[in-house]
Amino acid sequence: MQLWGQNVHVPRNNEEEDGHYQRAPRQSHNHLHKASHGHQLAMPEKKMHLEDDEFDYEDDDDDDDHEHGYNLAADLLNNTKNAEVDFVFFNRVPKVGSQSLMELMRRLGKINGFVHARNPGSVKETVMMPKDGQKELLGDLLTRQKPHIYSQHIAYINFTRFHLPRPIYINLVRDPIERIISWHYYVRARWYYNDMKAKLGENSIAMPSDEFLDLDLDTCVRNKDPHCTFEQMQMKNPVGDHRRQTLFFCGMNKKLCMPFNSEVAMQKAKRTVESEYAVVGTWEDTNITLTVLEHYIPRYFRNAKVAYYLGEERLSRVNRNNVTRIVSDETREILRKNLTNEIEFYEFCKQRLYLQYAALNNGKRFGEDDYLLVPEHQNGKSDDYEY
(Lines give C-alpha, C1' and ligand atoms only; values in the text may rest on other atoms or scores of the structure.)
Protein backbone atom coordinates (compact mmCIF):
# COMPACT_ATOMS: atom_id res chain seq x y z
CA MET A 1 0.00 0.00 0.00
CA GLN A 2 1.36 3.40 -0.93
CA LEU A 3 0.22 6.53 0.89
CA TRP A 4 0.13 9.54 -1.40
CA GLY A 5 -0.46 13.20 -0.53
CA GLN A 6 -2.05 14.58 -3.67
CA ASN A 7 -4.95 15.99 -1.66
CA VAL A 8 -4.24 15.82 2.03
CA HIS A 9 -7.18 17.98 3.04
CA VAL A 10 -10.21 15.85 2.34
CA PRO A 11 -12.91 16.50 4.96
CA ARG A 12 -13.14 14.13 7.90
CA ASN A 13 -16.46 12.43 8.42
CA ASN A 14 -18.35 12.84 11.69
CA GLU A 15 -17.20 9.51 13.05
CA GLU A 16 -13.55 10.42 12.49
CA GLU A 17 -14.00 13.82 14.06
CA ASP A 18 -15.70 12.40 17.11
CA GLY A 19 -12.92 9.88 17.46
CA HIS A 20 -10.32 12.63 17.42
CA TYR A 21 -12.02 14.80 19.98
CA GLN A 22 -12.69 12.00 22.43
CA ARG A 23 -8.95 11.65 23.01
CA ALA A 24 -8.82 14.76 25.19
CA PRO A 25 -11.39 15.23 27.97
CA ARG A 26 -11.19 19.03 28.16
CA GLN A 27 -12.79 20.08 24.90
CA SER A 28 -15.99 21.98 25.42
CA HIS A 29 -15.20 24.29 22.48
CA ASN A 30 -14.67 21.64 19.85
CA HIS A 31 -17.68 22.59 17.79
CA LEU A 32 -15.89 25.78 16.78
CA HIS A 33 -12.97 23.84 15.42
CA LYS A 34 -15.02 21.15 13.71
CA ALA A 35 -17.14 23.59 11.79
CA SER A 36 -14.25 25.56 10.39
CA HIS A 37 -11.49 23.03 9.86
CA GLY A 38 -13.20 20.46 7.75
CA HIS A 39 -10.42 20.71 5.21
CA GLN A 40 -7.54 19.77 7.46
CA LEU A 41 -5.63 16.52 7.10
CA ALA A 42 -7.85 13.47 7.26
CA MET A 43 -7.50 10.88 10.02
CA PRO A 44 -7.44 7.19 9.08
CA GLU A 45 -10.52 5.13 9.78
CA LYS A 46 -8.44 2.31 11.24
CA LYS A 47 -5.09 2.18 12.97
CA MET A 48 -2.33 1.31 10.56
CA HIS A 49 0.86 -0.53 11.51
CA LEU A 50 3.61 0.51 9.15
CA GLU A 51 5.81 -2.56 9.10
CA ASP A 52 7.84 -3.38 6.02
CA ASP A 53 6.43 -6.88 5.60
CA GLU A 54 2.86 -5.56 5.46
CA PHE A 55 3.41 -3.68 2.20
CA ASP A 56 3.23 -5.05 -1.30
CA TYR A 57 4.51 -2.18 -3.42
CA GLU A 58 3.23 -3.77 -6.60
CA ASP A 59 -0.30 -4.19 -5.29
CA ASP A 60 -3.00 -2.67 -7.48
CA ASP A 61 -4.67 -1.35 -4.32
CA ASP A 62 -2.13 1.46 -4.20
CA ASP A 63 -4.53 3.69 -6.08
CA ASP A 64 -7.13 3.50 -3.31
CA ASP A 65 -5.21 5.65 -0.86
CA HIS A 66 -4.12 7.98 -3.64
CA GLU A 67 -7.72 8.41 -4.72
CA HIS A 68 -8.91 9.16 -1.19
CA GLY A 69 -6.07 11.63 -0.70
CA TYR A 70 -4.86 10.37 2.67
CA ASN A 71 -1.25 11.12 3.54
CA LEU A 72 -0.12 9.55 6.80
CA ALA A 73 3.32 11.14 6.73
CA ALA A 74 1.90 14.65 6.44
CA ASP A 75 -0.81 13.95 8.99
CA LEU A 76 1.71 12.95 11.64
CA LEU A 77 3.47 16.29 11.19
CA ASN A 78 0.29 18.36 11.23
CA ASN A 79 -0.76 19.96 14.51
CA THR A 80 -3.56 22.01 12.96
CA LYS A 81 -5.96 19.13 13.53
CA ASN A 82 -5.35 19.47 17.28
CA ALA A 83 -6.68 23.03 17.39
CA GLU A 84 -9.89 23.48 19.36
CA VAL A 85 -10.87 26.96 18.19
CA ASP A 86 -10.86 28.70 14.80
CA PHE A 87 -8.10 31.13 15.66
CA VAL A 88 -4.43 31.48 14.67
CA PHE A 89 -1.95 32.76 17.26
CA PHE A 90 1.20 34.27 15.74
CA ASN A 91 3.54 35.06 18.66
CA ARG A 92 6.06 36.60 16.34
CA VAL A 93 9.80 36.65 16.94
CA PRO A 94 11.45 40.05 16.27
CA LYS A 95 13.64 40.47 13.17
CA VAL A 96 12.56 37.33 11.36
CA GLY A 97 10.40 39.01 8.73
CA SER A 98 7.17 38.91 10.70
CA GLN A 99 6.00 42.24 9.26
CA SER A 100 6.00 40.71 5.78
CA LEU A 101 3.95 37.75 6.97
CA MET A 102 1.47 40.05 8.70
CA GLU A 103 1.00 42.04 5.50
CA LEU A 104 0.51 38.78 3.59
CA MET A 105 -2.08 37.61 6.14
CA ARG A 106 -3.90 40.93 5.87
CA ARG A 107 -4.22 40.39 2.12
CA LEU A 108 -5.19 36.74 2.50
CA GLY A 109 -7.91 37.75 4.96
CA LYS A 110 -9.72 39.52 2.16
CA ILE A 111 -9.48 36.41 -0.04
CA ASN A 112 -10.14 33.68 2.51
CA GLY A 113 -12.58 35.47 4.78
CA PHE A 114 -10.82 36.12 8.09
CA VAL A 115 -9.56 39.10 10.08
CA HIS A 116 -5.97 39.78 11.05
CA ALA A 117 -5.20 41.94 14.07
CA ARG A 118 -2.05 42.86 15.95
CA ASN A 119 -1.37 44.37 19.34
CA PRO A 120 -1.02 48.17 19.48
CA GLY A 121 2.53 49.37 19.06
CA SER A 122 4.48 50.45 22.13
CA VAL A 123 8.00 51.53 23.05
CA LYS A 124 8.63 48.32 24.98
CA GLU A 125 7.30 44.90 24.08
CA THR A 126 6.10 42.69 26.94
CA VAL A 127 7.48 39.32 25.91
CA MET A 128 7.16 37.66 29.32
CA MET A 129 3.78 38.16 30.98
CA PRO A 130 2.45 37.25 34.46
CA LYS A 131 -0.43 34.78 34.77
CA ASP A 132 -3.06 37.48 35.26
CA GLY A 133 -1.84 39.27 32.15
CA GLN A 134 -1.95 36.05 30.15
CA LYS A 135 -5.52 35.33 31.31
CA GLU A 136 -6.66 38.82 30.38
CA LEU A 137 -5.08 38.62 26.92
CA LEU A 138 -6.47 35.16 26.17
CA GLY A 139 -9.93 36.12 27.41
CA ASP A 140 -9.93 39.04 24.99
CA LEU A 141 -8.65 37.00 22.03
CA LEU A 142 -11.09 34.12 22.47
CA THR A 143 -14.12 36.44 22.56
CA ARG A 144 -13.24 38.13 19.26
CA GLN A 145 -15.13 37.31 16.10
CA LYS A 146 -13.76 34.23 14.37
CA PRO A 147 -12.04 33.20 12.19
CA HIS A 148 -9.13 35.50 12.95
CA ILE A 149 -5.35 35.72 13.32
CA TYR A 150 -3.66 37.64 16.11
CA SER A 151 0.00 38.75 16.04
CA GLN A 152 2.16 39.96 18.92
CA HIS A 153 5.79 39.88 20.08
CA ILE A 154 5.20 37.55 23.01
CA ALA A 155 6.50 34.25 24.34
CA TYR A 156 4.52 31.07 23.76
CA ILE A 157 1.37 30.87 25.91
CA ASN A 158 -0.13 27.50 26.77
CA PHE A 159 -3.89 28.08 26.40
CA THR A 160 -4.82 24.68 27.81
CA ARG A 161 -3.02 25.51 31.05
CA PHE A 162 -5.90 27.91 31.72
CA HIS A 163 -8.48 25.30 30.57
CA LEU A 164 -9.00 27.26 27.36
CA PRO A 165 -9.21 25.84 23.82
CA ARG A 166 -5.93 25.40 21.94
CA PRO A 167 -5.44 27.74 18.95
CA ILE A 168 -3.43 27.15 15.78
CA TYR A 169 0.13 28.27 16.57
CA ILE A 170 2.44 29.62 13.86
CA ASN A 171 5.76 31.45 13.86
CA LEU A 172 8.89 32.27 11.87
CA VAL A 173 12.57 31.79 12.68
CA ARG A 174 15.79 33.12 11.20
CA ASP A 175 19.46 32.19 11.27
CA PRO A 176 20.50 33.44 14.76
CA ILE A 177 23.68 35.09 13.48
CA GLU A 178 21.89 36.95 10.68
CA ARG A 179 19.14 37.91 13.11
CA ILE A 180 21.61 39.53 15.55
CA ILE A 181 23.32 41.36 12.70
CA SER A 182 19.94 42.59 11.49
CA TRP A 183 18.93 43.73 14.96
CA HIS A 184 22.22 45.57 15.58
CA TYR A 185 21.81 47.79 12.55
CA TYR A 186 18.03 48.06 12.79
CA VAL A 187 18.20 49.83 16.17
CA ARG A 188 20.95 52.07 14.77
CA ALA A 189 18.98 53.29 11.78
CA ARG A 190 17.89 56.91 12.11
CA TRP A 191 14.71 56.24 10.15
CA TYR A 192 13.69 53.74 12.86
CA TYR A 193 13.48 56.50 15.49
CA ASN A 194 11.84 58.95 13.12
CA ASP A 195 9.23 56.34 12.27
CA MET A 196 8.65 55.58 15.97
CA LYS A 197 8.18 59.27 16.74
CA ALA A 198 5.63 59.58 13.95
CA LYS A 199 3.67 56.64 15.39
CA LEU A 200 4.03 57.21 19.15
CA GLY A 201 4.70 60.91 19.44
CA GLU A 202 5.96 61.95 22.88
CA ASN A 203 6.00 58.33 24.04
CA SER A 204 8.69 57.39 21.55
CA ILE A 205 12.38 56.91 22.36
CA ALA A 206 14.60 59.91 21.72
CA MET A 207 17.18 59.70 18.94
CA PRO A 208 20.34 58.12 20.43
CA SER A 209 23.79 59.65 20.18
CA ASP A 210 25.80 59.52 16.97
CA GLU A 211 28.29 57.32 18.82
CA PHE A 212 25.60 54.68 19.36
CA LEU A 213 24.14 54.98 15.86
CA ASP A 214 27.52 54.73 14.13
CA LEU A 215 28.83 51.75 16.14
CA ASP A 216 29.49 48.85 13.76
CA LEU A 217 29.03 45.27 14.95
CA ASP A 218 32.69 44.26 14.52
CA THR A 219 33.83 47.05 16.84
CA CYS A 220 30.98 46.39 19.25
CA VAL A 221 31.92 42.70 19.61
CA ARG A 222 35.66 43.30 19.66
CA ASN A 223 35.38 45.90 22.45
CA LYS A 224 32.90 43.76 24.39
CA ASP A 225 30.37 46.55 24.47
CA PRO A 226 27.38 45.71 26.75
CA HIS A 227 25.18 45.66 23.63
CA CYS A 228 27.34 42.94 22.08
CA THR A 229 28.16 40.56 24.92
CA PHE A 230 26.94 36.98 25.08
CA GLU A 231 27.41 35.83 28.65
CA GLN A 232 26.23 32.23 28.82
CA MET A 233 23.17 31.55 31.03
CA GLN A 234 22.73 35.27 31.70
CA MET A 235 19.15 35.94 32.79
CA LYS A 236 18.86 39.48 31.45
CA ASN A 237 21.09 41.89 29.60
CA PRO A 238 20.88 45.32 31.34
CA VAL A 239 20.89 47.20 28.03
CA GLY A 240 18.05 45.14 26.54
CA ASP A 241 17.89 41.61 25.25
CA HIS A 242 17.33 40.67 21.64
CA ARG A 243 19.66 37.67 21.38
CA ARG A 244 17.41 34.62 21.66
CA GLN A 245 14.47 33.34 19.67
CA THR A 246 14.12 30.14 21.72
CA LEU A 247 12.44 32.32 24.37
CA PHE A 248 9.42 32.75 22.10
CA PHE A 249 8.90 28.98 21.98
CA CYS A 250 10.04 27.94 25.46
CA GLY A 251 7.22 29.76 27.23
CA MET A 252 6.52 32.01 30.22
CA ASN A 253 8.67 30.24 32.82
CA LYS A 254 11.40 32.82 33.45
CA LYS A 255 13.60 30.51 35.51
CA LEU A 256 13.54 27.88 32.77
CA CYS A 257 13.40 29.98 29.62
CA MET A 258 15.33 33.20 30.29
CA PRO A 259 18.94 31.95 30.71
CA PHE A 260 20.84 32.88 27.56
CA ASN A 261 21.82 30.01 25.23
CA SER A 262 20.45 27.48 27.71
CA GLU A 263 20.30 23.87 26.55
CA VAL A 264 17.30 23.23 28.82
CA ALA A 265 15.41 26.17 27.31
CA MET A 266 16.37 25.00 23.82
CA GLN A 267 15.07 21.47 24.43
CA LYS A 268 11.83 22.84 25.90
CA ALA A 269 11.42 25.07 22.84
CA LYS A 270 11.94 22.07 20.55
CA ARG A 271 9.26 20.06 22.35
CA THR A 272 6.83 22.96 22.14
CA VAL A 273 7.38 23.37 18.40
CA GLU A 274 6.95 19.66 17.77
CA SER A 275 3.82 19.24 19.87
CA GLU A 276 2.05 22.59 19.50
CA TYR A 277 3.01 24.54 16.38
CA ALA A 278 1.27 23.92 13.09
CA VAL A 279 4.02 25.64 11.11
CA VAL A 280 7.30 27.35 11.99
CA GLY A 281 8.63 28.73 8.73
CA THR A 282 11.46 30.93 7.54
CA TRP A 283 11.77 33.49 4.75
CA GLU A 284 15.14 31.94 3.97
CA ASP A 285 13.04 29.21 2.33
CA THR A 286 10.16 31.27 1.01
CA ASN A 287 8.60 28.72 -1.36
CA ILE A 288 8.76 25.91 1.16
CA THR A 289 7.30 28.05 3.94
CA LEU A 290 4.41 29.27 1.79
CA THR A 291 3.72 25.74 0.47
CA VAL A 292 3.61 24.25 3.96
CA LEU A 293 1.36 27.06 5.22
CA GLU A 294 -0.98 26.52 2.27
CA HIS A 295 -1.31 22.78 2.85
CA TYR A 296 -1.22 22.50 6.62
CA ILE A 297 -3.43 25.53 7.38
CA PRO A 298 -5.51 25.89 4.19
CA ARG A 299 -8.41 27.66 5.91
CA TYR A 300 -6.19 30.72 6.33
CA PHE A 301 -3.34 30.33 3.84
CA ARG A 302 -5.04 29.12 0.68
CA ASN A 303 -3.50 30.96 -2.30
CA ALA A 304 -0.59 32.21 -0.14
CA LYS A 305 2.00 31.83 -2.89
CA VAL A 306 -0.13 33.63 -5.46
CA ALA A 307 -0.79 36.50 -3.05
CA TYR A 308 2.87 36.70 -2.06
CA TYR A 309 4.37 36.77 -5.53
CA LEU A 310 1.77 39.18 -6.89
CA GLY A 311 2.94 41.64 -4.25
CA GLU A 312 6.48 40.35 -3.79
CA GLU A 313 8.21 43.70 -4.24
CA ARG A 314 6.15 45.25 -1.46
CA LEU A 315 6.01 42.21 0.84
CA SER A 316 9.73 41.51 0.70
CA ARG A 317 10.54 45.08 1.72
CA VAL A 318 8.16 45.59 4.66
CA ASN A 319 10.17 47.02 7.58
CA ARG A 320 13.42 46.12 5.82
CA ASN A 321 16.50 48.02 6.95
CA ASN A 322 18.85 48.87 4.11
CA VAL A 323 21.38 50.40 6.50
CA THR A 324 23.74 47.50 7.11
CA ARG A 325 27.43 46.75 6.81
CA ILE A 326 29.68 43.82 6.07
CA VAL A 327 30.41 41.72 9.15
CA SER A 328 33.80 40.04 9.42
CA ASP A 329 34.27 36.28 9.54
CA GLU A 330 35.93 36.71 12.92
CA THR A 331 32.83 38.34 14.38
CA ARG A 332 30.60 35.70 12.85
CA GLU A 333 32.71 32.97 14.43
CA ILE A 334 32.44 34.63 17.84
CA LEU A 335 28.68 34.78 17.45
CA ARG A 336 28.56 31.17 16.30
CA LYS A 337 30.47 29.96 19.37
CA ASN A 338 28.16 31.86 21.71
CA LEU A 339 24.88 30.88 20.04
CA THR A 340 25.31 27.11 19.91
CA ASN A 341 21.90 26.20 21.34
CA GLU A 342 20.13 28.99 19.48
CA ILE A 343 21.62 27.65 16.24
CA GLU A 344 20.65 24.07 17.09
CA PHE A 345 17.06 25.16 17.71
CA TYR A 346 16.97 27.06 14.42
CA GLU A 347 18.27 24.04 12.51
CA PHE A 348 15.68 21.86 14.24
CA CYS A 349 12.87 24.16 13.08
CA LYS A 350 14.17 24.13 9.52
CA GLN A 351 14.47 20.35 9.51
CA ARG A 352 10.88 20.01 10.71
CA LEU A 353 9.72 22.44 8.01
CA TYR A 354 11.53 20.40 5.36
CA LEU A 355 9.98 17.18 6.65
CA GLN A 356 6.52 18.76 6.50
CA TYR A 357 7.18 19.87 2.95
CA ALA A 358 8.58 16.54 1.76
CA ALA A 359 5.71 14.65 3.43
CA LEU A 360 3.18 16.39 1.21
CA ASN A 361 4.29 14.17 -1.65
CA ASN A 362 6.03 11.44 0.32
CA GLY A 363 9.31 12.80 -1.03
CA LYS A 364 8.47 11.67 -4.57
CA ARG A 365 7.14 14.67 -6.45
CA PHE A 366 7.40 18.42 -6.12
CA GLY A 367 5.57 21.28 -7.73
CA GLU A 368 7.22 23.26 -10.50
CA ASP A 369 7.42 26.35 -8.28
CA ASP A 370 9.10 24.51 -5.42
CA TYR A 371 12.56 22.99 -5.24
CA LEU A 372 14.03 19.70 -4.13
CA LEU A 373 15.39 19.38 -0.63
CA VAL A 374 18.76 18.04 -1.67
CA PRO A 375 21.98 19.56 -0.25
CA GLU A 376 24.24 21.10 -2.86
CA HIS A 377 27.64 19.50 -3.35
CA GLN A 378 30.76 21.44 -4.12
CA ASN A 379 34.14 19.80 -4.58
CA GLY A 380 32.77 16.59 -3.18
CA LYS A 381 31.65 18.22 0.07
CA SER A 382 28.12 18.98 1.13
CA ASP A 383 26.89 22.25 2.61
CA ASP A 384 27.05 22.90 6.33
CA TYR A 385 23.61 21.43 6.89
CA GLU A 386 22.21 18.05 5.98
CA TYR A 387 18.46 17.77 5.65
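- Considering Lys350, Arg174, Arg352 as possible partners of Asp285, the one that fulfils the salt bridge (charged side-chain N to carboxylate O under 4.0 Å, His left out) test is Lys350.
- Proximity of Glu344 to Lys270: side-chain heavy atoms (C-beta onward) are separated by under 4.5 Å at one or more points.
- Minimum heavy-atom separation, Asn171 to Val93: OD1-N, 3.4 Å.
- Counting heavy atoms of neighbouring residues, nucleotides and ligands inside a 6.0 Å radius, atom CD of Glu333 exceeds 12 of them.
- Ring pair Trp283/Tyr308 is parallel by interplanar angle, where below 30° counts as parallel and above 60° as perpendicular.
- Arg107 has a carboxylate O that lies under 4.0 Å from a charged side-chain N of Glu103, or vice versa, which qualifies the two as a salt bridge.
- Between His148 and Phe87, the distance separating the two ring centers is shorter than 6.0 angstrom.
- Remark: aromatic rings of Phe249 and Tyr156 are distant, center separation not under 6.0 Å.
- Residue Lys197 places its NZ atom among 12 or fewer non-hydrogen atoms of other residues, nucleotides or ligands, all under 6.0 Å distant.
- Ion pairing between a basic and an acidic side chain is recognised when a charged N comes within 4.0 Å of a carboxylate O; Arg243 and Glu231 show no such pairing.
- Just one residue in the list Leu353, Thr246, Val280, Asn79 forms a side chain to side chain contact (heavy atoms under 4.5 Å, CB included) with Val273, and that residue is Val280.
- A cation-pi arrangement, defined by a distance under 6.0 Å to the six-membered ring centre and an angle within 45 degrees of its axis, is absent between Arg299 and Phe114.
- Taking a 6.0 Å sphere around CD of Gln232, one finds it holds more than 12 heavy atoms contributed by other residues, nucleotides or ligands.
- Salt bridge annotation for Arg179-Asp175: absent, with no cationic side-chain nitrogen under 4.0 angstrom from a carboxylate oxygen.
- Annotation: cation-pi pair Arg118/Tyr150 absent, no NZ/CZ under 6.0 Å from the ring centroid and within 45° of its normal.
- Relative orientation of the His227 and Phe212 rings is perpendicular, given thresholds of 30° and 60° on the angle between their planes.
- Using a 4.0 Å cut-off between charged nitrogen and carboxylate oxygen, Asp195 and Arg190 do not count as a salt-bridge pair.
- Taking the six-membered ring for Trp, Phe301 and Tyr296 have ring centres at least 6.0 Å apart.
- Using cut-offs of 30° and 60° for the angle between ring planes, the Tyr186 and Tyr192 rings count as tilted.
- Checking side-chain atoms of Gln356 against main-chain N and O of Ala278 turns up a donor-acceptor pair under 3.5 Å.
- Counting only N and O atoms by type, the side chains of Arg244 and Ser262 include no donor and acceptor under 3.5 Å apart.
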